[in-house]
Amino acid sequence: MTFDVLTIFPEFFRGPFEHGVVARARMAGALDIRVHDLRRWTSDRHRTVDDRPFGGGEGMLLKPGPVFEAAETIWPERTPARKIVLLSAQGRLFDQSVAREWTALEGLLLICGRYEGVDERVAEHLADEEISIGDYVLSGGELAAAVVIDAVARLLPGVLGNEESAKNESFSGTGEEIRLDCPQYTRPAEFRGWKAPETLLSGNHEEIRRWRKLAAVEKTRRLRPDLLERRLAGREVSETGTREAQ
Ligand code: SAH
């Protein structure tokens, strides 16, 4: 899969993809990440990418011209297997199910906004989707693009050393199964007087499996009750037959 990133700060991406799983996958050719400097698609002496908003107001906006021209150069042809995504605080919330869905794509082109945002015509006529990584405002789309790439890349075949590790982790279930990963412990078995749960040291695989499942549900209930409520709400709705489970 190929990730293209359009940004006015290409050097921002030097760090995030040079370590760990994503860096190894890149070296092995399992994925490709190409970072493009938006200023390449400007024609004036100052390489201007921004302008004042019509109607007045604070700050500057990214102009549509360079963004459209960049996207049209990077992908001269659009296909359904390639998605143009505008990172935006106003977008649909990115989560693990969106990450999973996008692993089926050939390519993602991620447009990073800056300043007060991006001329709305990019959202209206160029991007397939506007995506937010959470209900807060960042100063630019670069961190958000890095989050999206990391989350999608590690789900691609051959990227995680062990395919099983993606199966049991938090949010890996679908529908009724959605929950957090279970708590994990490593040596020493006793640390500052706090013991790791005995079941995990017992060597009894069936008991360990049962303990993990219960502990995962308990932790979900404690820290993310909304995940369980969503699950119950989905079940009630589908039982009354009025609407499909979410
Ligand atoms: N005026 C905008 C915020 C602009 S922030 C508003 O109030 O909605 C500048 C840029 O940062 C945005 O164009 C977007 O690309 C990026 N950004 C900010 N918050 C984001 C978020 N939660 N998710 C994804 N991108 C975000």
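Index from 1, following the sequence. We count ligands from 1, going down the list as the structure has it; atoms in each ligand are counted the same way.
Listed by number with element, the atoms of ligand 1 under 4.0 Å from a non-hydrogen atom of Tyr136 are 19 (N), 21 (C), 22 (N). Interface of Val137 with ligand 1, defined as ligand atoms under 4.0 Å from a residue heavy atom, comprises 3 (C), 5 (S), 19 (N). Atoms of ligand 1 found under 4.0 Å from any heavy atom of Gly141, numbered from 1 in the order shown, are 11 (O), 15 (O), 16 (C). Remark: ligand 1 atoms within the under-4.0 Å shell around heavy atoms of Tyr115 are 4 (C), 5 (S), 9 (C).
An N or O contact shorter than 3.5 Å links Leu87 to ligand 1 by distance. Considering backbone and side-chain atoms together, Ala144 places no N or O closer than 3.5 Å to any N or O of ligand 1.
Residue nearest to atom 19 (N) of ligand 1, selected from Leu138, Ile131, Leu86, Ile133: Leu138 (by heavy-atom distance). Of the candidates Glu116, Gln90, Glu142, it is Glu116 that places a heavy atom closest to atom 4 (C) of ligand 1.
Applying side-chain contact (heavy atoms from CB on, under 4.5 Å) to Phe171 and the options Asp95, Leu227, Asp181 leaves one that passes, Leu227.
The two residues Arg154 and Leu160 make their nearest non-hydrogen contact at O-CG, 3.3 Å.
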One pair to check against side-chain contact (heavy atoms from CB on, under 4.5 Å): Arg39 and Val49. What are the steps and the verdict? CA-CA 7 Å; Arg39 292 189 200 278; Val49 288; 3.6 Å; yes

side-chain contact (heavy atoms from CB on, under 4.5 Å) for Val148 and Leu108? Distances and angles first, verdict last. CA-CA 10 Å; Val148 167; Leu108 265 184; 4.2 Å; yes

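A donor atom on one side chain and an acceptor atom on the other are found under 3.5 Å apart for Thr7 and Glu142. Between the side chains of Asn204 and Ser202, not a single donor N or O lies within less than 3.5 Å of an accepting N or O.
Among protein heavy atoms, atom 26 (C) of ligand 1 sits closest to Ala89 N, 3.8 Å. Closest to atom 25 (N) of ligand 1, if we only count protein heavy atoms, is Ser88 N, 3.4 Å.
Aromatic ring pairs are classed by plane angle as parallel below 30°, tilted from 30° to 60° and perpendicular above 60°; the pair Trp194 and Phe191 is tilted.
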